[in-house]
Amino acid sequence: MTAGETAGAPASGYQDQVAQICDSYDNDPHRMLDILRDVQDRFRWIARETMQTVAEKTGLTQIAVEGVASFYAFLSLAPKGRITIRLCDDIVDQFAGLPEVTESFEKALGIGIGETTSDGGFSLEYTPCIGMCDQAPAAMINDVIVTNLTPEKTRALVAALKSGKRPEDLISPDFDDLTPHQRAVTMVENNIRHAGAVLLGPAAPDAGLKNALDLTPSRIIKELEDSGLRGCGGAGFPTGRKWRFAAETEAERRFVICNADEGEPGTFKDRVLLTERPHLLIEGMTIAARAVGAREGLLYLRGEYIYLRDLLEEVLADRRARGLLGDGIMGVDGFDFDIRLQLGAGAYICGEEGALISSCEGLPGEPKTRPPFPVTRGYLGFPTVVNNVETLCHAARILDRGSKWFFDMGTEGSHGTKLFSVSGDCLNPGIYELPYGLSLKELLEMAGGEDAAAVLVGGPSGAMIARDTFDRKLTFDDLATGGAITVFSKDRNVLEIVEYYMSFFVHESCGYCTPCRVGNVLLQKAVAKFREGLANPEDIAYLKDLSGTIIETSRCGLGMTSPNPILSTLENFPLVYSAMAKPSKDRIRDTFDIQSAIDGARKLAKRRSYVFDRDFSQ
Amino acid sequence: MPDSQDAPAADLPKARIATASLAGCFGCHMAILDIDERLIDLMALVEFDRSPLTDIKKFTKRCDIGIIEGGCCNEENVHVLQDFRENCDILIGLGQCAIMGGLPAMRNAIMHSDEPLRECLEEAYITGRYIRNKTHNIPNDPALPLLLDKVYACSEVVEMDYQIPGCAPTGDVIFETLSKLLTGKFRGFERETIKFD
């Protein structure tokens, strides 16, 4: 970085470089996120001047560009170090030793969280769950993932970086000679603990796609409807029905989007599928394209998984070369479909399908008003199928083995298998592919987490379950989950966990609607009051009341589920709250402390209180 | 006049009401006067004890209802409010300042400071752009009550029984609520009377 950059202005000659970046995306405003990502990569930040150039090239106003640049956590409006270290501050990482790791990073670098070294070498910051809960604490160093951090490991990492090594060199001395897949698995363990019949077991390559080509689009969709497959991202919408809606909408263009933005804290199943089953995923997308009549597809990869980019690009290129993507797929005339990889930039909300589409369109990742639903008016206004990674992989397997094979697994209403991402206080954190319908207890036994005191099923937007209900079943009708199973032992403080997750939602709310933007802040403050022992018994009713308002009046799924950590712990751990609430004495609040309230004024005025200091007369 | 509506009430002992204005603007007390001539009907049911309206400074006896305007911004507000809680059976928060802290609570927005109170006072008396304070001092007369670290809603300091929303609540809402409370018929507010759009 030149002196000019650290002083707050971009390097000279920046206009040409920025213009070049814009040209490489045909100056298309819909590619704004890619453009800004590249600007960020080139200059390590997005300066006002560069935004002006981007605005001129793409025909937008500067404020529109700034709206996008300021929305995403991985885009920075202030100069960042050449090496940006993002520590994952998820509660699982915190319990796995993050405070010590943070301290050792701060010491080794001489800066605190949120700061950049004066020579512009390093930036240090926190980021929410990066999908490495099974190997916490973890961090991103530029585009490289490091896991299982300890203070010793941290010191060694920083020393190597300071000696001039690239982050990539920390992974392997001959990083550049490794294949993309080798790089990915060297950085991040898969931790596949149990492979099931559908996804992680052996599968014939592209068998599903071959079968699909013999079927009419309507017959493909029928096959999915008969299989009982439901969306695996968490909401559980029947996949066949979604495809049929999109197929039946009259339109010139249609799109298939794969949602690989798994941001729900504690979920990392898609990471493993993207690493180990990328061909299956692309096969599933191709089948979806065949079924709904789409020629274009997008794979939206969360910014935290940028280490998988080369792997996925290689897979796409390989399939293009083998005639499995592009024009005339598998020799079928008129079956054209190709996929573009779209990287996110650190926004949880982009896992919501409307926000994800906004993000693909180059806008801030704000959800869209529903209806219209994406299947009728989605990406660029055209019918769009948005499916989770796991869902698309399932679809490919269903076309291979038939709907009955899939339907016969699992239970009534929840068919097939599910990937569970188990993390936290258990012996064997990792991925378990199991048929729907097993109990939470059975899963905990497999993972060595029988001693758990609390289990968060489905991430913070799911439910926190107590020991007495561990026999509940993991199905859509009982304990629905996108896959996250986070285990907490008896040594963990439930209120600390809840407060962390509320701060997560405060951070990740897009800010569009007031109940979510403001309400979650109020909820977090109320939970903090309980932790500090400053809550009144009535505050329990307040929590429920406010939660109800937020759920009822928010625009998208984030606000509709963000009070869940509070509501489910109120239901399943009521004593935690009532034990911390302080009743009034003679109807005067015991939680209000006049002495601490007037302490500041006493010091400022340099006198004591004539009302509340008893020895005032002396 | 055997059928006078006041007759049964006149036989009952009148309810004693006390009022106080804490960190408010006195607008809510003005709103009480907006009851207009219905004040005469109300006076048939109540008598006022400690209140700025009567200029009685201390409770003469226990009261049935205490009406509080304003939140707590200083130690005296806390003292008065606790005194009201001890001497009144029912406490009613009148208006937004009593309920949420209201306009005075804007100073609670100074939070990213090590000394928010000092920052607030310095801006108000010394550094503010439009300040004409020739002494360049923050007022500190011994008679001035000490300020609290922030402005508190009444319900954060004592338990409140009812809250009448509005800034200020209309005379109609105040009259309706008080007369229904006094006759034991209060069942919450009609949405039409408290909505603002």
Side-chain angles (χ1 to χ4, degrees), chain A residues 112 114 503 506 514 517-519 521-522 524-526 528-530 532-543 545-546 549 553 581-618, chain B residues 23 66 71-91 99-101 107-111 113-122 124-126 137-161 163:
Chain A
S503 73
V506 166
T514 313
R517 183 184 65 244
V518 178
V521 175
L522 297 177
Q524 190 200 349
K525 281 187 175 168
K529 266 172 75 180
F530 275 95
E532 291 160 23
L534 294 177
N536 310 308
E538 295 95 309
D539 285 339
I540 292 174
Y542 169 76
L543 282 176
D545 191 46
L546 181 59
T549 304
T553 54
K582 250 192 199 170
S584 306
K585 284 181 187 152
D586 295 330
R587 307 202 69 195
I588 290 175
R589 299 273 186 223
D590 206 20
T591 48
F592 174 76
D593 178 18
I594 183 69
Q595 290 301 331
S596 68
I598 57 172
D599 202 41
R602 217 165 11 203
K603 285 178 183 137
L604 267 180
K606 299 193 176 61
R607 58 192 164 91
R608 285 191 280 189
S609 162
Y610 69 91
V611 187
F612 292 101
D613 288 333
R614 273 200 209 133
D615 52 354
F616 184 74
S617 55
Q618 288 165 10
Chain B
C72 293
C73 78
N74 65 33
E75 56 171 346
E76 195 222 358
N77 297 151
V78 173
H79 184 58
V80 171
L81 183 57
Q82 291 177 341
D83 204 18
F84 265 67
R85 183 69 273 178
E86 279 163 20
N87 287 285
C88 301
D89 293 343
I90 288 173
L91 267 195
I99 297 172
M100 306 280 287
R107 80 163 155 104
N108 296 0
I110 309 172
M111 49 180 95
S113 162
D114 293 336
E115 285 189 292
L117 187 59
R118 178 191 291 277
E119 199 173 298
C120 172
L121 289 171
E122 281 181 351
Y125 289 104
I126 301 171
N137 286 326
I138 295 167
N140 191 13
D141 190 280
L144 290 172
L146 294 175
L147 291 177
L148 305 182
D149 56 343
K150 59 172 192 154
V151 177
Y152 291 82
C154 290
S155 60
E156 291 180 272
V157 178
V158 301
E159 286 182 22
M160 301 295 287
D161 299 288
Q163 296 182 321

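Sequence lines set the chain letters: A, B, ... in the order given, protein chains first and strands last, and positions in each chain run from 1.
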Practice task
Report yes if some heavy atom in the side chain of B:L81 is under 4.5 Å from a heavy atom in the side chain of A:F592; otherwise report no.
Solution key: no
Practice task
For each of B:L148, B:V78, B:L146, tally heavy-atom pairs with chain A at distances under 4.5 Å, and name the one with the top tally.
Solution key: B:L146
Practice task
Examine whether an atom of B:I138 lies under 4.5 Å from a heavy atom of chain A, and if so say whether it belongs to the side chain, the backbone or both; otherwise answer neither.
Solution key: neither
Here's a test: name every donor-acceptor pair under 3.5 Å between chain A and chain B, with the distance for each.
from, atom 1, to, atom 2, distance (Å)
A:S584, OG, B:E159, OE2, 2.7
A:R587, O, B:E159, N, 2.9
A:R587, NE, B:E159, OE1, 3.1
A:R587, NH1, B:D161, OD1, 3.0
A:R587, NH2, B:E159, OE1, 3.4
A:R587, NH2, B:D161, OD1, 2.6
A:R589, N, B:V157, O, 3.0
A:R589, NE, B:S155, O, 2.7
A:R589, NH2, B:S155, O, 3.2
A:A597, O, B:D149, N, 2.7
A:A605, O, B:N140, ND2, 2.9
A:R607, NE, B:N140, OD1, 2.7
A:R607, NH1, B:L144, O, 2.9
A:R607, NH2, B:N140, OD1, 3.1
A:R607, NH2, B:D141, O, 3.3
A:R607, NH2, B:L144, O, 2.9
A:S609, OG, B:E75, OE1, 2.2

Fill in the blank from the handout: Under 4.5 Å to a heavy atom of chain B? For A:I594 that would be side chain
